[in-house]
Amino acid sequence: MAVQYTPPTEDMKFVIDHVVDSALIRQMPAYTEFSDDVTEAVLEEAGKFAAQVISPLNTSSDHEPASLSASHEVKTSTGFVQAYEQYVQAGWNALAGNPEHGGQGLPQVLATATNEMLHSACMSFGLCPMLTAGAIHALEHHGSQAQKATYLPKLISGQWAGTMNLTEPQAGSDLAAITCKAQPKDDHYLISGVKIYITYGEHDLTENIIHLVLARLPDAPAGVKGISLFIVPKWLVQADGTLGARNDVKCLSLEHKLGIHGSPTAVMSYGEQSGAVGYLVGEPHQGLAYMFTMMNHARLNVGLQGVAIAERALQQALWYAYDRVQGKTLIAADQAGAAAPIAFHPDVRRMLASMQCRVQAMRALAYEAAAHMDIASASDSAQQAANAQERVDLLIPVVKGWCTEQSQDIASLALQVHGGMGYVEETGAAQHLRDARITTIYEGTTAIQANDFVGRKILRDQGQAINALVADMRETAAQLAGRESSDLVRLGNQLAAGVDALEQVVTWVLARGKTDAAAIYFGSVPALMLAGDVLGGWMMARVALACEQSDIKNSSLAQKKRRAALAYGDLVLVPGLGRAAQIVAGREALEHALAM
């Protein structure tokens with residue numbers, strides 16, 4: 001049977017309170033409401049909502065996907081409309097929204113925790129608010145005051161939804177090849193073209209859908225420098241804010257997907273008749289830069305989906321491992337030779353431990369990125385804000401690429417724990433693997449994240465940002481090395497070895513960047529995975545240090561977290577160090593690959 005979701009609010013609160021720099025965020029005038037009591041209350045209520053309202057939709061929406069009518073209207077899976085109404089009425093969509101437009105003004109790190117619960121409960125459902133959050137982010141940064149006043153209040157409340165329209169049939173990830181057109185007319189533009197893979201491009205959850213569409217003006221230069229960004233609403237918005245005529249926008253079809261069946265992935269047609277009315281966002285030909293504002297927000301949240309699905313798969317595997325009695329235990333000495341749940345079999349224990357410690361590391365890393373987003377957006381110090389944004393930019397491709405790759409492996413291990421029962425749909429384990437599979441693909445594949453990490457985040461600034469991160473990780477390793485506990489000293493040494501390996505790779509990339517780009521990018525995905533393993537080790541090292549605080553040291557949670565940190569060092573960090581040798585052998589490996 002599919003196991004219903006239990007939100008890990010205790011672990012989430014531990015990361016927020018003891019691992020990321022929430023103390024600094026709470027000092028900022030924008031986040032005076034971000035107290036311990038508010039954190040606890042929000043996590044508790046969000047957990048109840050996710051578990052009781054959203055989680056039951058996960059299996060049913062997998063069996064009953066969204067559907068498209070002959071009139072091009074999309075009906076979402078049974079229960080989605082009612083659940084979305086409750087979601088909006090409870091104010092969850094507005095949690096981190098700007099108070100100037102009706103939001104609650106709480107920090108992104110807290111919203112990230114609630115979003116994780118939403119995606120764990122039902123990823124297909126959570127995708128709609130996720131895309132809306134990205135649209136909000138883009139308009140806040142690049143929209144005109146009139147556009148903000150028209151669209152942001154209803155997007156933040158959740159009354160309207162938002163989408164991101166980049167991909168076209170002939171273009172794929174190569175946005176330089178898009179051909180969607182924007183023809184000036186009076187105070188607006190007429191948009192024409194087809195976009196594919198548009199998540200929630202059409203649905204029945206909200207009264208209006210605000211599409212953000214990349215298109216070319218008639219005088220646009222070729223390539224990515226000729227792309228502009230447009231607001232194209234499903235229903236035109238009149239001067240008084242009410243809805244007017246239906247825009248020339250329609251859904252041609254829905255994709256039949258491997259997973260996330262409840263999420264309608266649409267092929268969208270613009271301007272088949274008179275032209276779809278659109279409004280330019282910001283300056284002409286700056287659309288790609290503007291869209292990256294939205295995309296980076298979306299990439300954090302896709303990385304968070306990796307955390308969420310991994311957590312859900314872990315819970316399924318734990319339930320089955322402790323429920324399924326088979327064979328004799330080799331671990332519990334007091335029950336040696338007795339029939340026992342498979343959780344007491346050494347290899348199953350290895351798989352569960354690997355899954356648990358990685359999920360915790362992934363969560364901490366995603367929350368770390370979100371916390372730096374808060375600091376970057378709200379700090380009164382320009383230098384502090386700039387440093388935080390630099391850290392965000394560095395972490396985003398790792399969170400997106402590494403967490404999603406981990407989620408697939410963890411979901412696969414969860415299926416392995418089930419044995420044959422995992423391969424049939426009855427248990428629900430297979431759905432988690434199917435749902436996780438898309439996360440390494442959309443919002444930029446793992447290779448795109450890796451190329452960004454190596455090309456933009458290491459080579460462009462000659463390693464300045466990553467060297468600052470390396471220094472921070474070395475400081476944490478040194479703190480562990482100075483502890484009395486031999487276990488913590490060992491973890492510190494493991495982290496130091498990981499930092500050495502990552503620094504070796506960075507040095508190699510910087511030395512070869514201008515002379516052997518092919519070898520650099522041949523090893524870019526392994527480099528990203530190495531960075532993820534080491535950063536995960538850094539987060540778990542900080543967890544271990546936090547567990548030494550006198551007020552929590554003897555709590556059962558601190559003891560569990562400490563054991564997870566030690567397991568991460570042994571099971572994930574040390575085995576991952578071999579990637580460094582693989583990366584620096586890139587030229588030779590590339591030559592062998594070409595000769596095959």
Side-chain angles (χ1 to χ4, degrees), residues 72 131-132 134-144 146-148 150-151 155 160-202 208-237 245-253 265-298 442-444 448:
H72 303 282
L131 269 296
T132 300
I136 292 167
H137 205 60
L139 291 177
E140 281 183 331
H141 282 77
H142 306 296
S144 68
Q147 288 170 346
K148 293 178 184 179
T150 298
Y151 299 104
L155 286 170
W160 295 351
T163 72
M164 177 164 55
N165 285 240
L166 290 78
T167 310
E168 298 178 9
Q170 78 291 343
S173 297
D174 182 12
L175 296 181
I178 70 169
T179 59
C180 190
K181 298 177 181 178
Q183 185 68 38
K185 182 178 181 181
D186 301 328
D187 63 345
H188 59 271
Y189 296 80
L190 296 179
I191 312 297
S192 59
V194 173
K195 297 288 185 177
I196 61 173
Y197 303 147
I198 309 306
T199 301
Y200 276 89
E202 171 61 27
N208 203 3
I209 304 172
I210 309 304
H211 302 288
L212 293 187
V213 181
L214 291 181
R216 294 185 182 278
L217 293 166
D219 61 347
V224 296
K225 295 182 179 180
I227 300 172
S228 299
L229 181 63
F230 299 87
I231 297 169
V232 185
K234 174 182 175 179
W235 294 90
L236 298 177
V237 182
R246 176 70 185 260
N247 207 353
D248 188 6
V249 179
K250 72 178 181 181
C251 175
L252 296 180
S253 64
T265 304
V267 175
M268 299 297 297
S269 175
Y270 293 88
E272 284 191 6
Q273 299 175 6
S274 58
V277 174
Y279 305 95
L280 180 68
V281 176
E283 298 296 322
H285 317 315
Q286 298 299 312
L288 188 61
Y290 298 162
M291 190 62 86
F292 265 106
T293 301
M294 182 179 187
M295 194 180 297
N296 277 339
H297 193 278
Y442 60 14
E443 308 307 341
I448 289 174

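Note that the structure is a prediction, hence the values are computed from the model and not measured.
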* Asked: Looking only at heavy atoms, which two atoms of K148 and L139 are closest? And how far apart?
  -> CE-O, 3.4 Å
* Structure fact -> CE of M291 to CD of Q286, rounded to nearest 0.5 Å, is 13.5 Å
* Structure fact -> Residues V281 and H142: closest non-hydrogen pair is CG1-O, 3.6 Å
* Asked: Is the side chain of H72 donor-acceptor paired with the backbone N or O of C251 at a distance under 3.5 Å, no angle test?
  -> yes
* Output the distance between atom CD1 (I231) and atom CG (L212), rounded to the nearest 0.5 Å. => 6.5 Å
* Asked: Do the ring planes of H297 and H137 sit parallel (below 30°), tilted (30 to 60°) or perpendicular (above 60°)?
  -> tilted
* Any donor and acceptor pair, going by atom type alone, linking the side chain of D248 with main-chain N or O of V277 inside 3.5 Å? -> no
* **Separation between CD of Q183 and NE2 of H188, rounded to the nearest 0.5 Å** => 10.5 Å
* Below 4.5 Å, heavy atoms only, C-beta onward: do H211 and T163 meet side chain to side chain? -> yes
* Asked: Does Q170 use its side chain to pair, donor to acceptor, with the backbone of A177 at less than 3.5 Å?
  -> yes
* To do: Could you tell me whether the side chains of E168 and T179 share a donor-acceptor contact shorter than 3.5 Å?
  => yes
* Asked: Is there a donor-acceptor contact under 3.5 Å from the side chain of N247 to the main chain of P233?
  -> yes
* How close do V232 and G278 get, heavy atom to heavy atom, and via which atoms? -> CG2-CA, 4.0 Å
* Under 3.5 Å donor-acceptor, Y290 side chain and H141 backbone -> no
* **Nearest-0.5 Å distance, CD of residue E443 to CD1 of residue I448** => 10.5 Å
* Structure fact -> When every non-hydrogen atom of K185 is compared with those of L190, the smallest separation belongs to CD-CD1, 3.8 Å
* What are the two closest non-hydrogen atoms of G226 and A220, and how far apart are they? -> O-CB, 3.2 Å
* Asked: Quick one: are Y151 and I210 in side-chain contact, heavy atoms under 4.5 Å?
  -> yes
* **is_close_aromatic(F230, Y189), centroid dist under 6.0 Å** => yes
* Give a yes or no on whether the backbone of G162 and the side-chain of T132 come within a donor-acceptor separation of less than 3.5 Å. => yes
* To do: Could you give me the CA-CA distance, side-chain angles and deciding distance for R246 and K234, then say whether side chain to side chain contact (heavy atoms under 4.5 Å, CB included) is met?
  => CA-CA 6 Å; R246 176 70 185 260; K234 174 182 175 179; 3.6 Å; yes
* **L280 backbone acceptor or donor facing Q147 side chain under 3.5 Å** => yes
* Under the side chain to side chain contact (heavy atoms under 4.5 Å, CB included) criterion, do V237 and W160 qualify, and how do the steps go? -> CA-CA 12 Å; V237 182; W160 295 351; 3.6 Å; yes
* Structure fact -> When rounded to the nearest 0.5 Å, the distance separating CG of L166 from CG of L214 is 4.5 Å
* Rounded to the nearest 0.5 Å, what's the gap from OG1 on T167 to CD1 on I198? Could you check? => 6.0 Å
* To do: Taking S228 for its side chain and H285 for its backbone only, find out whether a donor-acceptor pair lies under 3.5 Å.
  => yes
